[in-house]
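For clarity, every value in this text was computed on a predicted model and none was experimentally measured. The basis for the numbers below is simple: all heavy atoms, side chains too, and nothing from hydrogens, waters or symmetry mates.
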Amino acid sequence: MPAFVTLSGRSVRLEPLSLAVVDDLVAAASEDRSTYAFTRVPDGREEMTSYVEAALAEQAEGRTLPFAIRWLHTDRIVGATRLMHLEYWQGPLPWPPGTRGVVGEVPSVADIGYTWLAASAQGTSVNRESKYLMLSLAFETWQVHRITLKADVRNLRSRAAIEALGARLDGVRRADSRGADDTVRDTAYYSILACEWPEVRERMHARLGLVSAA
């Protein structure tokens, strides 16, 4: 399974998710819950504890790498995110089809998801830099072939943020899952391939002010 890691940027630090930050996450999620129309975010300490425990159980299986997001500007935990649906293509194909193979040390593909932010951190550089740190880990350390990002097709704000990264729309899966509002949601799937990462990285550098825009 991937090693625990802390990812540090200029304005955010992604810290390994743990039960020690449950109260901080509860405070972040309680700021303005009206902003979570299309995002399922734990409400209250009991839900948040279950949320963290479930993420840690998946991490123990090598299927996810979850983070708490610390906004360095305020030194507060302002949300959570994760690299998830980690797949390992090394070794023999599992048999019978559909069974889980042996988990390796380095994932071959992954999703970025379960991202939510406190209302005060929304619309800032927190989300963009968090994505940059995870993409850098995935493409430059793990050398994955693909990163997938997805959003409720109705969530135009989230989709615009994904598209601004440089991710390409793969398509819309109809009746994909249960939505945060208890409807049946269609999901827009986006991806970034390894061969596209250098261009995406330069684009993100410019938007984050790491280099001058061309």
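- At a threshold of 4.5 Å between non-hydrogen side-chain atoms, the residues Asp176 and Val153 do not count as touching.
- Residues Val52 and Ser18 have side chains not in contact (no heavy-atom distance under 4.5 Å, counting atoms from C-beta outward).
- Residues Val41 and Tyr51 form no side-chain contact, since every pair of their non-hydrogen atoms from C-beta on lies 4.5 Å or further apart.
- By the criterion of side-chain heavy atoms lying less than 4.5 angstrom apart, applied directly or through intervening Ile, Leu, Val, Met, Phe, Trp or Tyr residues, Val26 is not grouped with Ile69; the two fall into different hydrophobic clusters.
- For residues 123-133, no pair satisfies salt bridge (Lys or Arg N to Asp or Glu O under 4.0 Å), with sequence neighbours left out.
- Between the CG atom in Leu25 and the CH2 atom in Trp116 there is a gap of 5.0 Å [rounded to 0.5 Å].
- By the salt bridge (Lys or Arg N to Asp or Glu O under 4.0 Å) test, Arg40 pairs with no residue at all, sequence neighbours left out.
- Residues satisfying the side chain to side chain donor-acceptor pair (under 3.5 Å) test with Trp197, not counting sequence neighbours, are Glu140.
- A donor-acceptor contact under 3.5 angstrom links the side chains of Thr187 and Arg185, judged on distance only.
- In this structure, Ser108 and His145 have side chains that are in contact, with non-hydrogen atoms separated by less than 4.5 Å.
- In plain terms, the two heavy atoms of Arg82 and Ala55 that are nearest each other are NH2-CB, 3.7 Å.
- The pair Arg33-Glu47 fails the salt-bridge criterion, with no side-chain N (NZ, NE, NH1 or NH2) lying under 4.0 Å from an Asp/Glu carboxylate O.
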Given the rule in the side chain to side chain contact (heavy atoms under 4.5 Å, CB included) test, do Tyr88 and Arg63 qualify, once you have shown the distances and angles that lead to the verdict? CA-CA 9 Å; Tyr88 303 82; Arg63 305 298 171 183; 4.3 Å; yes
Between Val106 and Gln90, is a side chain to side chain contact (heavy atoms under 4.5 Å, CB included) present by the stated rule, with each step listed? CA-CA 9 Å; Val106 181; Gln90 312 96 316; 4.2 Å; yes
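- In the hydrophobic clustering of ILVMFWY residues, with side-chain heavy atoms under 4.5 Å counting as a link, Val21 and Leu14 come out apart.
- A search for side-chain contact (heavy atoms from CB on, under 4.5 Å) contacts involving Gln59 returns Met1, Phe4, Leu56, Thr64, Leu65, Pro66, not counting sequence neighbours.
- In terms of heavy-atom proximity, Val200 sits nearest to Gly166 at CG2-O, 4.1 Å.
- Taking OG from Ser177 and NZ from Lys150, the interatomic distance works out to 7.5 Å, rounded to the nearest 0.5 Å.
- For Tyr114, there are no ring pair (Phe, Tyr, Trp, His ring centres under 6.0 Å) partners, not counting sequence neighbours.
- Under 3.5 Å, the side chains of Arg207 and Tyr132 contain no donor-acceptor pair of N or O atoms.
- The salt bridge (Lys or Arg N to Asp or Glu O under 4.0 Å) test applied to Glu15 returns Arg13, Arg70, not counting sequence neighbours.
- With Ser158 contributing its side chain and Asn155 its backbone, the two residues share no donor-acceptor pair below 3.5 Å.
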Side chain to side chain contact (heavy atoms under 4.5 Å, CB included) for Thr148 and Val109? Distances and angles first, verdict last. CA-CA 8 Å; Thr148 298; Val109 296; over 6 Å; no
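- In plain terms, the two heavy atoms of Ala110 and Leu83 that are nearest each other are CB-CD2, 4.4 Å.
- Note on Phe139 and Leu208: same hydrophobic cluster, where clusters join Ile, Leu, Val, Met, Phe, Trp and Tyr whose side-chain heavy atoms are under 4.5 Å apart, directly or indirectly.
- The nearest pair of heavy atoms linking Leu72 to Gly9 is CD1-O, 3.8 Å.
- The two residues Arg203 and Leu165 come nearest to each other via the heavy atoms CD-O, 4.1 Å.
- Under the rule for a side chain to side chain donor-acceptor pair (under 3.5 Å), Arg10 has no partner lying at least two apart in sequence or in another chain.
- Within the 4.5 Å cutoff, the side chain of Thr115 has no heavy atoms near those of the Ser130 side chain.
- Under the 4.5 Å side-chain heavy-atom criterion for Ile, Leu, Val, Met, Phe, Trp and Tyr, Leu156 and Tyr190 are members of distinct hydrophobic clusters.
- Here Arg168 pairs with Glu196 under the side chain to side chain donor-acceptor pair (under 3.5 Å) rule; sequence neighbours left out.
- Going from atom CD1 of Ile112 over to atom CD1 of Ile162 covers 9.5 Å, rounded to the nearest 0.5 Å.
- Interatomic distance, OG1 of Thr39 versus CZ of Arg157, reported as 9.5 Å (0.5 Å rounding).
- Considering only residues two or more places apart in sequence or on other chains, Arg146 meets the salt bridge (Lys or Arg N to Asp or Glu O under 4.0 Å) condition with none of them.
- Using a 4.5 Å cut-off between side-chain heavy atoms of Ile, Leu, Val, Met, Phe, Trp and Tyr, with links allowed through other members, Val5 and Met84 fall into different hydrophobic clusters.
- Residues Leu169 and Ala188 come closest through the heavy atom pair CD1-CB, 4.1 Å.
- How far OG1 of Thr35 is from CG of Leu117: 9.0 Å, rounded to the nearest 0.5 Å.
- For Glu61, the CD atom sits in a packed shell: over 12 heavy atoms of surrounding residues, nucleotides or ligands are nearer than 6.0 Å.
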Run Ser120 and Glu31 through side chain to side chain donor-acceptor pair (under 3.5 Å) and show every step you take. CA-CA 8 Å; Ser120 60; Glu31 285 188 4; 2.9 Å; yes
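- For His85, the side chain to side chain donor-acceptor pair (under 3.5 Å) test picks out Asp111, with sequence neighbours left out.
- Remark: side-chain polar atoms of Thr183 are not paired, donor with acceptor, to backbone N or O of Gly179 under 3.5 angstrom.
- If you take OH on Tyr189 and CG on Asp170, they are separated by 10.0 Å, rounding to the nearest 0.5 Å.
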Can Phe67 and Thr81 be said to form a side chain to side chain contact (heavy atoms under 4.5 Å, CB included), step by step? CA-CA 5 Å; Phe67 298 98; Thr81 188; 4.3 Å; yes
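- Taking Glu53 as the reference, Leu19, Thr49 meet the side-chain contact (heavy atoms from CB on, under 4.5 Å) condition, with sequence neighbours excluded.
- Checked against salt bridge (Lys or Arg N to Asp or Glu O under 4.0 Å), Asp186 has no partners two or more places apart in sequence or in another chain.
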